[in-house]
Amino acid sequence: MSADRTWSQLVIARRFSADTAVAGERPVSFAELIGLADSAAGWLDQAGVRAGTAVPALLTTSPLALALVVAGSCTQRPIAPLGPRLTPRELAGCIDDLGAPLLLAEPEFAEQARAAADRAGRRLLMVPSLGPGGRRLQPEARPDAIAAILHTSGTTGAPKQVPVRQDRLAARVEVSSRLMGVGPDCVYASGSPFYHCLLY
């Protein structure tokens, strides 16, 4: 990998690979994941989410959640996955710290998300079921662009945001893959992909 590759370039480049990721209970090919990311980017457009907006979201580790992270990283709308174990007060604090005008949530977190959005005075958008999109999602090419925003666990106080740059995440993928010997025909499992992003 060259030093100027971004994480979203690595992901999009795998569009035609035979590799799969397992999100939740089912495997999803990179072609399917990127098709969902295409659709998610279109949905963010229709919802009026502007480029440069951090997007807090209560998400599982479903294929659609991973697709939203890819879509956000490619369209300058970095997704900030928030832990569903956080209280509405903690979630509202994260939303306020991001300066985000909205909160996304998957349906299973509707009640908690509504309480957090109301507390923060923000708009709530429920993530719909999406199929593959028809456009060609382009990867973010700027190495210093933000791919995603993670949060600390908050065990020593309020959760704190950690912006993750495209080039830093790409470098982490390369180093972690090399150190662990992860390559074609390998299986890597993580219980917390939003905190140990090795999707590539």
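Heavy atoms only: backbone and side chains are in, while hydrogens, waters and symmetry mates are out.
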Please give me the minimum heavy-atom distance between [X] and [Y], naming the atom from each residue.
| X | Y | answer |
| --- | --- | --- |
| Ser8 | Glu140 | OG-N, 2.8 Å |
| Ile149 | Ala54 | CD1-CB, 3.6 Å |
| Thr75 | Leu137 | CG2-CD1, 4.0 Å |
| Ser39 | Pro132 | CB-C, 4.0 Å |
| Arg5 | Ala170 | O-CB, 3.5 Å |
| Leu82 | Leu58 | O-CD2, 3.4 Å |

* Qualifying residue, where the test is side-chain contact (heavy atoms from CB on, under 4.5 Å) with Trp7 and the options are Ile12, Val164, Val69 ->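 When side-chain contact (heavy atoms from CB on, under 4.5 Å) is applied between Trp7 and each of Ile12, Val164, Val69, only Val69 qualifies.
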* Any sub-3.5 Å donor-acceptor pair from Gln112's side-chain atoms to Phe109's backbone N or O? ->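 Not at all, since once roles are kept as given, no pair shorter than 3.5 Å links the two residues.
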pair [X]-[Y]: side-chain heavy atoms closer than 4.5 Å:
| X | Y | value |
| --- | --- | --- |
| Arg77 | Leu68 | no |
| Pro63 | Glu32 | no |
| Glu174 | Arg178 | yes |

* For the residue pair Glu108 and Thr60, confirm or rule out a side-chain donor-acceptor distance under 3.5 Å. => no
Same cluster for [X] and [Y] if Ile/Leu/Val/Met/Phe/Trp/Tyr side chains link at under 4.5 Å?
| X | Y | answer |
| --- | --- | --- |
| Ile146 | Val55 | no |
| Leu66 | Leu36 | no |
| Met126 | Leu103 | yes |

How long is the gap from [atom1] on [X] to [atom2] on [Y], to the nearest 0.5 Å?
| X | Y | atom1 | atom2 | answer |
| --- | --- | --- | --- | --- |
| Arg168 | Thr6 | CZ | OG1 | 13.5 Å |
| Arg142 | Gln9 | CZ | CD | 11.5 Å |
| Gln138 | Asp38 | CD | CG | 9.0 Å |
| Leu179 | Arg172 | CG | CZ | 11.0 Å |

* How far apart are the C-alpha atoms of Ser73 and Gln166, what are their side-chain angles, what is the distance that settles it, and do they pass the side chain to side chain contact (heavy atoms under 4.5 Å, CB included) test? -> CA-CA 8 Å; Ser73 78; Gln166 291 273 351; 3.6 Å; yes
* To do: Evaluate side chain to side chain contact (heavy atoms under 4.5 Å, CB included) for Leu104 paired with Leu44, printing each intermediate quantity in order.
  => CA-CA 10 Å; Leu104 302 185; Leu44 290 170; 4.1 Å; yes
* Give the intermediate values and the outcome of side chain to side chain contact (heavy atoms under 4.5 Å, CB included) for residues His151 and Leu98. => CA-CA 11 Å; His151 281 78; Leu98 289 167; 4.0 Å; yes
* salt bridge (charged side-chain N to carboxylate O under 4.0 Å, His left out) against Arg15, all qualifying residues, sequence neighbours excluded -> none
* To do: Enumerate the residue pairs fulfilling salt bridge (charged side-chain N to carboxylate O under 4.0 Å, His left out) with a member in residues 117-130, sequence neighbours excluded, ordered by first and then second residue.
  => Asp96-Arg122
* **Leu125 and Trp43: CA distance, side-chain angles, deciding distance, side chain to side chain contact (heavy atoms under 4.5 Å, CB included) verdict** => CA-CA 11 Å; Leu125 292 178; Trp43 176 70; 4.2 Å; yes
